[in-house]
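Only one structure is covered here, and it is reproduced in the block below.
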Amino acid sequence: MLLPRILTAVIGVPVVLAAIHFGGVVYMAFVACVIALCLYEYGLVLRSGKKPVHMFSLVFFGLLLGIVAILGRYDIPSLDKPDNLYPFTISVVIFGVLLVEVLTPRRSWERVTNTFTGIFLIPWSLAHLINIRDLAPYGEYLTLFMIVTVWICDTGAYFTGRFLGRHKLNKEVSPKKTWEGAIGGTLLAVGGALLMRHLFLPVFSVQTAVYLGLLVAVVGQVSDLAESVLKRSTGVKDSSHLLPGHGGFLDRFDSYLLLAPVFYYVVLFAL
C-alpha cells in the first residue's frame, strides 16, 4: 500500500505546486476541478452507505455556489454583478434544492439535509483556497505554507502512528488514528512551518510560524476526523479510488474543509 501512495504523491505533488505557482485562471480551474470531484465523491459515499442524496442538486447547485464564491471576488468587465451576489446565490440554491425535492417522487427531508450539507460544506470551504492565494503580496507563499504543512502533518502522523501508535485517538470514528500519531504529526507540522517561514515568509516571526503550524495541525486533523465521521456513518473506507494509495479527492482535501476558511480569516484579520 505504501508504493502506490508514494507514486501518486510523485505525480500529484508537482501538479498541485505548479497550480499554486501559476495562480490566476490555472489555480482557479484546479480548485474548481477539486470541488467538482469532491462533490461527486461525497454523493458516492452517501449512496454507498444507502443514505439519500440528490446527485443532480448536489453537483449542479454545489458547482454554482463554488463558481460564485471563486469568481464573485473578481471584476469581470463583460459581467454586471449585483452587489448582493452571495446572498442572492444562496437564496437560489435553497430554492432550487427544495424545488427539485418537491418534484422528486418519494420526497425525503433527510435527502434534503444531506444534499445541503455537501453543497455548503465543500464548495464554500474549498473556495477559500482561492482567497488565500489572492492575499497580496504573499498569497503564493501562504498557500504553500498551509498546504505543505498539512502534507508534513499527514505524513508525520501516518508514520508516527504506524510505528509508535498505541492509544486510539477516536476508535469509533477512525480506528487507525492514534494519539501518538496526532502528536507526532503536530510536532512535525510545527517544524515544517518553521522551515516554510525560513524559506518563504521571513516577514513572520518565529512565534507566529509556531502558532500557525499548530493551527494547521490541529484544525486540519479535526477536519480530517469530521470527514471520517461521514465515512464511518456510511461504512465506506475511501471516498473513491481515483488516487491509488490515497483514496479519493475528498480523502486528500478533507483537511481543508475546516482549515481553509479558518486559516484565511486568521491570516486576514490577526496577522
Side-chain angles (χ1 to χ4, degrees), residues 2 5-6 8-10 12-14 16-17 19-21 125-126 128-135 137-171 173-229 245-247 251-271:
L2 185 58
R5 191 180 185 94
I6 293 173
T8 300
V10 167
V13 169
V16 175
L17 295 180
I20 294 171
H21 175 68
S125 296
L126 294 183
H128 283 81
L129 294 171
I130 302 289
N131 294 10
I132 296 168
R133 178 62 180 83
D134 287 344
L135 284 173
Y138 302 110
E140 178 180 356
Y141 301 129
L142 286 167
T143 305
L144 285 172
F145 182 98
M146 181 186 66
I147 288 181
V148 172
T149 303
V150 167
W151 289 346
I152 293 172
C153 182
D154 287 347
T155 303
Y158 176 81
F159 285 105
T160 305
R162 184 174 182 180
F163 293 109
L164 301 177
R166 296 292 183 273
H167 302 87
K168 298 300 182 182
L169 182 62
N170 193 323
K171 188 176 181 180
V173 173
S174 188
K176 291 185 178 180
K177 289 184 172 62
T178 64
W179 279 104
E180 291 83 359
I183 294 170
T186 299
L187 292 175
L188 284 172
V190 171
L194 289 171
L195 176 63
M196 296 296 291
R197 176 255 174 196
H198 175 73
L199 293 176
F200 303 118
L201 291 165
V203 66
F204 283 171
S205 66
V206 170
Q207 185 180 38
T208 298
V210 170
Y211 286 155
L212 285 177
L214 287 171
L215 176 77
V216 169
V218 173
V219 178
Q221 291 185 83
V222 171
S223 188
D224 182 276
L225 285 172
E227 196 239 355
S228 295
V229 171
H246 292 264
D251 297 315
R252 283 301 86 205
F253 286 87
D254 55 1
S255 297
Y256 307 103
L257 293 177
L258 300 182
L259 176 59
V262 171
F263 186 86
Y264 171 70
Y265 293 114
V266 166
V267 170
L268 185 64
F269 295 119
L271 299 179

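Source: prediction; values computed, not measured. Residue numbers count from 1 along this sequence. All values below were derived from every heavy atom in this structure, side-chain atoms included, with hydrogens, water molecules and symmetry-related copies excluded.
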4.5 Å side-chain heavy-atom contact, [X] and [Y]:
{"X": "Thr160", "Y": "Ile183", "value": "no"}
{"X": "Phe263", "Y": "Leu212", "value": "yes"}
{"X": "Val262", "Y": "Leu215", "value": "yes"}
{"X": "Leu259", "Y": "Tyr256", "value": "yes"}
{"X": "Asp154", "Y": "Arg252", "value": "yes"}

Given the rule in the ring pair (Phe, Tyr, Trp, His ring centres under 6.0 Å) test, do Tyr265 and His128 qualify, once you have shown the distances and angles that lead to the verdict?
CA-CA 9 Å; Tyr265 293 114; His128 283 81; 5.3 Å; yes
I'd like to know if the side chain of Glu140 and the backbone of Ile20 have a donor-acceptor N/O pair within less than 3.5 Å.
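Between the backbone of Ile20 and the side chain of Glu140 there is no qualifying donor-acceptor contact (under 3.5 Å).
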Straight-line distance of Ile130 CD1 to Leu135 CG, nearest 0.5 Å:
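Reported value, rounded in 0.5 Å steps: 11.5 Å.
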Distance, nearest 0.5 Å, that separates OG of Ser205 from OH of Tyr211
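Answer for the OG-OH pair, Ser205 versus Tyr211, is 8.5 Å.
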Enumerate the residue pairs fulfilling side-chain hydrogen bond (donor to acceptor under 3.5 Å, both in side chains) with a member in residues 189-204, sequence neighbours excluded, ordered by first and then second residue.
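Applying side-chain hydrogen bond (donor to acceptor under 3.5 Å, both in side chains) to every pair that reaches into residues 189-204, excluding sequence neighbours, yields nothing.
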Kindly check if the number of other-residue, nucleotide or ligand heavy atoms within 6.0 Å of OH (Tyr141) is above 12?
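Open: at most 12 neighbouring heavy atoms sit under 6.0 Å from OH of Tyr141.
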Taking distance alone, no hydrogens or angles, what donor-acceptor pairs closer than 3.5 Å link side-chain atoms of residues 144-151 to residues at least two apart or in another chain?
from	atom 1	to	atom 2	distance (Å)
Thr149	OG1	Phe145	O	2.5

Closest non-hydrogen atom pair, His21 against Arg133:
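Shortest heavy-atom contact: O-NH2, 3.3 Å.
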Which pairs would a plain distance check flag for residues 218-229, meaning a side-chain donor or acceptor within less than 3.5 Å of a matching protein atom at least two apart in sequence or in another chain?
from	atom 1	to	atom 2	distance (Å)
Gln221	NE2	Thr186	OG1	3.1
Gln221	NE2	Ala217	O	3.2
Ser223	OG	Asp254	O	2.4
Ser223	OG	Ser255	O	3.4
Ser223	OG	Leu258	N	3.1
Asp224	OD1	Lys177	NZ	2.9
Ser228	OG	Asp224	O	3.1

